[in-house]
Amino acid sequence: MSRPKASSSTSGFFQALPVVPAQYTSSQSSQANHSLSDDPIFSRILSTYLPEPLPSHVSSQLHDFSRLVLAPSTLQHTVDCDTDLPTLHPLTTFGEENKNSALRTSEGWRILKQIETKAGVVGYGYPQSGFQQKFNRRVHQFATLHLWHGTAAVTTCPMAMTDGAAVLLRRHLDDPDGDQPGRGRVFLEAYRRLVSLDPSYAWTSGQWMTERSGGSDVRGTETVARRLTDSELQADIKGGRDKDAIGLPLGPWLVDGFKWFSSATDADMAVLLAQTSKGLSAFCAPLRRQSGNSTLTQATEMNGVRIQRLKNKLGTKGVPTAELELKSMRAWLIGSEGQGVKEISSILNITRLHAAAGANGTLARGLAVSRAYTKVRKVRGQVLSDNPQHLAWMAGETVKYRANAHLVALNVALLGASEQGHGAVAGTKAASVLIPEEKTQIDVLLRLLTPVMKAQVSLSSVSGLRACMESLGGVGYCENNEDGGVMNIARLFRDSVVNTIWEGTTSVMAEDVLRVLLPNKPTNTPNKTKSQAASPTTLDTILGTWLRPVLSHVVKHARPARTFSSEIEIIETRYRALNELLRDTGDAGELHWRGREVLEAVEAVTSAALLLFDASVDGHDEAAVAVARRWVRAHVALPRDRLYKERGFDWKEEVRLDRLIFLGCLPDESTSASASSQGLVLQAKL
Ligand SMILES: Cc1cc2nc3c(=O)[nH]c(=O)nc-3n(C[C@H](O)[C@H](O)[C@H](O)COP(=O)(O)OP(=O)(O)OC[C@H]3O[C@@H](n4cnc5c(N)ncnc54)[C@H](O)[C@@H]3O)c2cc1C
């Protein structure tokens, strides 16, 4: 018998290398071939919400962009962004505060931002001169983003806040200047820059809400703002310090305080919250101002912003997340004093959509890498693509991805409809069923579904990317930056986790959903019993009104007839159970305790309806039918519902057990006493 030949570091590798194909291939392209589109759900969603055939400039832009995002010349910037981390240089050579250029970001970070600005990841959501956009602009914008997220290295974070700031400023473009002369001109110029496709002109915006006293609850904001006195205004004018970096006037408010998290630290402007004598208010400020120093290099400096330190994070490595001290930052008041929470919420609706879309887009890349690897990796002499257990597992992950993609797409389409009007965006038969005609109905649906989507899609992408890593075995856990970085799922996983936290954690989203569904009932009262009956109709007027016509459409169009009758029964049962829960639970504390259950239920039925709808529009896509059925079986029919209906169920007893299981003590035992005795045990063991 001949002796086996030993492998070495450069020989003995017997497999073909995995190749990640382009996610989308335009049907109008010369390469048109269905099998060339690696992600069929992407095309299906486009044809649901955009006119068919796609406007040629949209279809060719998406076709070309889906190749650009995988090009080695682009991916080298992704790797650079993730490995050449931002640094802080707080002092000048002679030990003075560096007011000019304290932050250094990588070249990769800066180039990726330019690529995405040009690609319209913000701009395509807004009217652009020279582009014919008689369709849902938001769908085009978020389709571009969906292709981009796997490569973007979270440079999309400042873009989300830029989008939010543009929406906010647009609402105030017609406000009279009042006692802030010049504000309208500044807002208009800022808005134009925020939505620009030209990187040499475009601006990005930060959003500064979170302070040490709380990000979820901004009522504790400690940053304060006051009007400048006349003599302070005159002193700035005299010193040549009354203009921003592009020569626009600075606002008449002065902001002082400390912001605990700022991600877009290299942005051109920021929207922030500060207390005034009338309460929490929203402000807008440029990050740089003219320094009054006429020498060329020192012409501008930070506008009263000192970067205290950069955060050391699990992921989002290229993002220069920092703590900021604000000292005499000049700013413009947005809207009226005391209305800060209302103003900032219009940004939050946008950034939450970006967070969920980012989570889903990142998972799309993870699954693409997993598919590519599955096609080449051999185990026990067999390619993984022939291994039933492997396929069953990753098919389950793909079902969740497709359900999430539909939920995000519906939110995106609703946002476009709210902005452009139903008539402008319901150009396809599918969109005319899925998007309500009335703006009020569109807006309440968005209000309900945005937090549901943000919470559930973010969670699902973390678990999905973890599975994608595992699907590559040991290689999946490594930072594979060698071959352009496309195989680095570990980076995608690290980056995706933050989506469950920023823009509001899952619990905060659950509370927000209850605020919509129970408008007359305080939700954050876990220890108080409220006997006030829950409104039985709010869920019905918002979700039921949308759900019924969608399911009727499925019944009418599914082929063969009654294809989905048992799935529809399951959806209706789950929906009824949720309605009953909200109607019959008289205790606000119990509903607060069950917040995540409500999130899951709204997601389950909404996504089920969308998947069934998708599977019944053309009636012959076998995968779409199977995905819809599997989602309903795995995520809509929950045995837990039955558990809760068992006789003798008492939610307070469950809370008692929750505490015992998680904290190791009962309500009457002091947590701190228990913790300190645990500490003693540990010390004794040591
Ligand atoms: C990488 C990164 C970048 C960020 N960038 C920015 C930025 O640019 N601008 C900005 O303003 N912020 C930013 N943030 C902050 C982020 O938005 C907050 O961390 C987030 O909103 C959570 O707030 P918190 O940290 O105060 O946590 P807390 O609110 O203190 O949350 C602690 C725990 O309490 C729970 N909790 C809170 N409220 C409730 C409730 N009502 N019911 C049940 N449980 C609840 C939460 O779920 C969580 O488990 C960033 C954060 C990170 C990690």
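Start at 1 and go down the list; that is how both ligands and their atoms are numbered. Just so we're clear, the structure is a prediction, and the values are computed from it rather than from any experiment.
- At least one heavy atom of Ser262 lies less than 4.0 angstrom from ligand 1.
- Residue Thr506 does not touch ligand 1, judged by heavy-atom distances below 4.0 Å.
- Distances from atom 18 (C) of ligand 1 to the heavy atoms of Thr316, Val319, Thr210 show the closest one on Thr210.
- Of all non-hydrogen atoms in Ala153 and Arg491, the two that sit nearest each other are CA-NH1, 3.8 Å.
- Where the criterion is an N or O separation shorter than 3.5 Å, residue side chain and backbone included, Lys313 fails it with respect to ligand 1.
- Using a 4.0 Å cut-off between charged nitrogen and carboxylate oxygen, Glu189 and Arg193 count as a salt-bridge pair.
- In Glu511, the part holding a heavy atom less than 4.0 Å from any atom of ligand 1 is the side chain.
- Under the 4.0 angstrom criterion for non-hydrogen atoms, His592 is in contact with ligand 1.
- Among all heavy-atom pairs drawn from Thr300 and Asn100, the shortest one is O-OD1, 3.0 Å.
- Taking any N or O of Phe261, backbone or side chain, at least one lies under 3.5 Å from an N or O belonging to ligand 1.
- Ring centroid separation for the pair Trp253 and Phe283 comes in under the 6.0 Å cut-off.
- Cation-pi geometry between Arg138 and Tyr126 is met: the NZ or CZ atom falls under 6.0 Å from the ring centre, inside 45° of the normal.
- The atoms of ligand 1 that sit less than 4.0 Å from any heavy atom of Thr321 are 3 (C).
- Of all atoms in ligand 1, numbered sequentially from 1 with element shown, those under 4.0 Å from a heavy atom of Ile501 are 20 (C), 21 (O).
- Figure legend: Lys454 and Trp502 shown without cation-pi pairing, the cationic atom not lying both under 6.0 angstrom from the six-membered ring centre and within 45 degrees of its axis.
- With sequence neighbours excluded, the residues that form a salt bridge (Lys or Arg N to Asp or Glu O under 4.0 Å) with Arg494 are Asp82, Glu479.
- Annotation: Met209 places an N or O atom under 3.5 Å from an N or O atom of ligand 1; distance criterion only.
- Checked by distance only, ligand 1 and Ser263 come closer than 3.5 Å through their nitrogen or oxygen atoms.
- Environment of NZ in Lys317: crowded, with over 12 heavy atoms of neighbouring residues, nucleotides or ligands closer than 6.0 Å.
- For ligand 1 and Glu503, the ligand atoms under 4.0 Å from any heavy atom of the residue are 17 (O).
- With ligand atoms numbered from 1 in the order given, ligand 1 contributes 37 (C), 38 (N), 39 (C) to contacts under 4.0 Å with heavy atoms of Val508.
- Look at Asp495 and Lys313 and you find no salt bridge, because none of the NZ, NE, NH1 or NH2 atoms lies under 4.0 Å from a carboxylate O.
- Counting the atoms of ligand 1 from 1 in the order shown, those under 4.0 Å from a heavy atom of Gln207 are 7 (C), 8 (O), 9 (N), 10 (C), 11 (O).
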